[in-house]
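The structure appears right after this line, and notes come after that.
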Amino acid sequence: MPDHPRYGAAPLPRLRLTARQAIAAVTDTATPFTPAGAPRPPGAPDGAHPPDGPLGWDGYGTARERARTRTGEDEAVVTALATTGGTDLVILAFEFGFLGGSLGERTGDRLVAAYTAARERRLPLVSLIATGGSRMQEGMRALAQLQRVARQSALNRAAGLPQIAVLRDPTTGGGWATLGAGADVILALPDAQVGFAGSRVRPPDADPYAYSAEGQFAAGQVDAVVPADALRATLRHWLRLLSPAPAPPAAPAPVPPALGTAALPETGWDAVGRARDPRRPRAEAYLRAYFDDWAELSGDRCGGRDPGMRCGFGHRDGRTLAFAAQCGTATRPAGFRTATRLIRLADRLGIPVLTLVDTPGAANDADAERAGAGAAIADTFAALASARVPVTSLLIGEGGSGGALALCAPDRLWATPDSYFSVIAPELATAILKRPPTQARHTANQLHIRPQDLLHLNLIHGITQPETGRGDGDGTGVGAGSGPGGGGGAGPGAGSGAATGTGTGGEPGPGAGSGTGTGTGTGGEPGGGRGAGGESDADRWPGAGSGPGAGGGP
């Protein structure tokens with residue numbers, strides 16, 4: 001039996017790694033284990049297989065012995081309890097040199113043992129996959145292992161435990177269709193062959209790009225293609241973000257402070273103009289100001305990606321929060337499905353969700369209809385309506401009809417001063433009403449789409465304001481007012497500083513106040529971790545604030 005590289009030994013570059021080298025490449029410590037009394041599939045014999053396996057396949061026993069001699073392994077999977085970057089995990093790696101990393105019954109035993117160990121210890125499971133699929137020398141008994149793996153994966157999902165897959169070369173057949181595609185986060189190495197159909201069973205004229213890591217990423221099936229030298233750090237980051245959450249109910253994500261202007265629009269048409277202004281801070285600026293670090297999911301796992309929908313998990317003040325952020329473009333069906341995927345994953349892992357709403361509406365072209373726009377939007381509505389974790393939503397720009405509403409928490413929605421929300425775009429409403437285009441301004445006013453209108457209609461909790469110092473609370477807000485003329489009711493506070501209304505006139509009537517909430521905060525964030533940065537500087541956006549944390553820290 002050849003000597004194995006020790007766990008922790010640096011693997012050779014540009015070579016296909018053995019299972020143990022692959023484990024060593026991404027972990028600090030690893031202790032291998034093999035199944036002890038793993039449950040057998042129905043109908044499996046209690047004793048050892050005959051030398052040529054359950055089918056008596058001539059030469060199978062000899063082939064296994066050669067594989068054992070060549071690789072030093074007695075099966076195609078190595079399992080271990082491991083640590084990396086301070087996170088405990090269960091890890092499994094396929095040994096492609098052992099019969100092409102194929103799945104047989106004993107392989108299934110090891111996979112079941114790995115999933116079971118993760119559940120018993122409440123640990124994440126990482127799969128380093130390199131397999132050609134099921135082992136044909138064991139026939140249907142080998143194929144049935146896919147059902148065992150699917151069952152174990154479902155049990156770990158139900159237990160709220162994350163599963164991360166790393167697709168090595170090749171990842172094909174049942175290994176891709178279970179451990180790979182069934183994982184919560186899918187990372188792939190560059191140029192890896194990835195697909196249900198292996199290279200020898202594809203149509204002769206098939207596009208090879210469709211069966212590559214890069215092709216699967218473009219099709220929304222893979223979250224990231226990660227260079228080998230970045231895999232260790234990337235995996236550590238994801239494990240820190242998705243490590244099992246504590247049992248007590250999680251607190252909601254704090255409402256982000258506004259990054260743009262503090263002044264409210266005078267008319268509905270002014271609100272539309274502000275929201276459409278290309279200088280207005282977008283999702284990227286809000287994510288940078290809000291999170292200390294983050295990692296993004298990509299794709300809807302149904303063949304599509306939408307660059308206008310950013311979804312992922314980030315750290316803020318030591319806790320993990322999930323986010324789904326529209327980027328100001330018309331949201332495509334793949335975008336809604338990606339957001340739905342994010343919300344359901346966060347719900348299963350017990351992680352609160354923040355949504356940033358900013359879209360002129362759902363994409364309405366023929367391709368969007370063929371891609372199932374209605375069904376995708378309906379599923380996003382359902383995901384938010386049924387979420388058990390708290391969801392916080394902030395309208396940061398355009399709120400275009402149902403395409404925007406689908407991403408709004410039913411009972412926790414705030415708005416920034418440079419946003420609007422409308423049942424339909426004013427121009428489209430004008431056309432439907434058979435008014436001349438010049439009447440769009442008047443229609444916008446009739447629709448009552450300004451942030452203060454939304455507050456008066458009890459559609460939002462408050463209007464966020466730029467922060468002047470770093471706080472720990474729900475963000476600044478405009479109070480609802482308590483009397484005619486817009487007196488200053490207190491809105492949600494910024495950090496420990498209470499939001500105090502300073503009446504600015506406003507519209508008459510109860511709750512119509514537009515008093516600007518100002519929080520005292522608890523001090524600025526030193527350094528660059530919280531600065532809102534270029535887009536929201538005070539010169540371009542009056543009232544944006546210039547204190548630490550509001551305009552780019554030192």
Hey, is the main chain of [Y] close enough, under 3.5 Å, to the side chain of [X] for a donor-acceptor pair?
X      : Y      : value
Gln221 : Gln216 : no
Glu266 : Ala271 : no
Thr338 : Gly299 : yes
Tyr211 : Phe196 : no
Thr320 : Gly314 : no
Asn445 : Gly268 : yes
Thr171 : Ile129 : yes
Ser127 : Ala165 : no
Thr234 : Ala230 : yes
Glu214 : Asp191 : yes

Are [X] and [Y] side-chain neighbours, meaning at least one heavy-atom pair lies under 4.5 Å?
X      : Y      : answer
Leu413 : Leu459 : no
His448 : His456 : no
Tyr420 : Arg276 : yes
Leu187 : Leu231 : yes
Ile164 : Leu235 : yes
Leu395 : Ile460 : no
Leu394 : Thr416 : yes
Ser419 : Arg280 : no

Output yes when Asp365 and Arg332 qualify as a salt bridge under the 4.0 Å nitrogen-oxygen rule, no when they do not. yes
How far apart are the C-alpha atoms of Thr355 and Thr392, what are their side-chain angles, what is the distance that settles it, and do they pass the side-chain contact (heavy atoms from CB on, under 4.5 Å) test? CA-CA 6 Å; Thr355 66; Thr392 301; over 6 Å; no
Once salt bridge (Lys or Arg N to Asp or Glu O under 4.0 Å) is applied, do any residues pair with Arg240, and if so which ones, sequence neighbours excluded? none
Would you please name every residue forming a salt bridge (Lys or Arg N to Asp or Glu O under 4.0 Å) with Asp367, sequence neighbours left out? Arg370
Roughly how far, to the nearest 0.5 Å, is the [atom2] atom of [Y] from the [atom1] atom of [X]?
X      : Y      : atom1 : atom2 : result
Leu349 : Leu161 : CG    : CG    : 8.5 Å
Arg305 : Asp223 : CZ    : CG    : 10.0 Å
Leu297 : Leu342 : CG    : CG    : 5.5 Å
Arg337 : Arg301 : CZ    : CZ    : 13.5 Å
Ile396 : Asp418 : CD1   : CG    : 8.5 Å
Arg348 : Arg157 : CZ    : CZ    : 6.0 Å

If only side-chain N and O atoms count, and only distance matters, is there a donor-acceptor pair under 3.5 Å linking [Y] with [X]?
X      : Y      : result
Thr87  : Arg236 : no
Thr443 : Arg435 : yes
Glu398 : Thr359 : no
His315 : Asp292 : no

Minimum heavy-atom distance between [X] and [Y], given as atom pair plus value:
X      : Y      : value
Pro352 : Gly350 : CD-O, 3.8 Å
Gly402 : Ile377 : O-CG2, 4.4 Å
Trp176 : Gly195 : CD1-C, 3.4 Å
Trp269 : Glu427 : CH2-OE2, 3.6 Å
Ala346 : Val389 : O-CG1, 4.1 Å

Surrounding CZ of Arg151 (heavy atoms of other residues, nucleotides or ligands, distance under 6.0 Å), is the total greater than 12? no
Quick check on Arg232: does its CZ atom have over 12 non-hydrogen neighbours (other residues, nucleotides or ligands) under 6.0 Å away? yes
Six-ring centre of Tyr286, Arg310 cation under 6.0 angstrom, axis tolerance 45°: no
Intermediate values then yes/no, side-chain hydrogen bond (donor to acceptor under 3.5 Å, both in side chains), Ser153 and Gln163: CA-CA 8 Å; Ser153 178; Gln163 301 170 52; 2.9 Å; yes
Qualifying salt bridge (charged side-chain N to carboxylate O under 4.0 Å, His left out) pairs, either residue in residues 371-390, two or more places apart: Arg344-Asp379, Asp347-Arg388
Under 6.0 Å between the ring centres of Phe323 and Phe291? yes
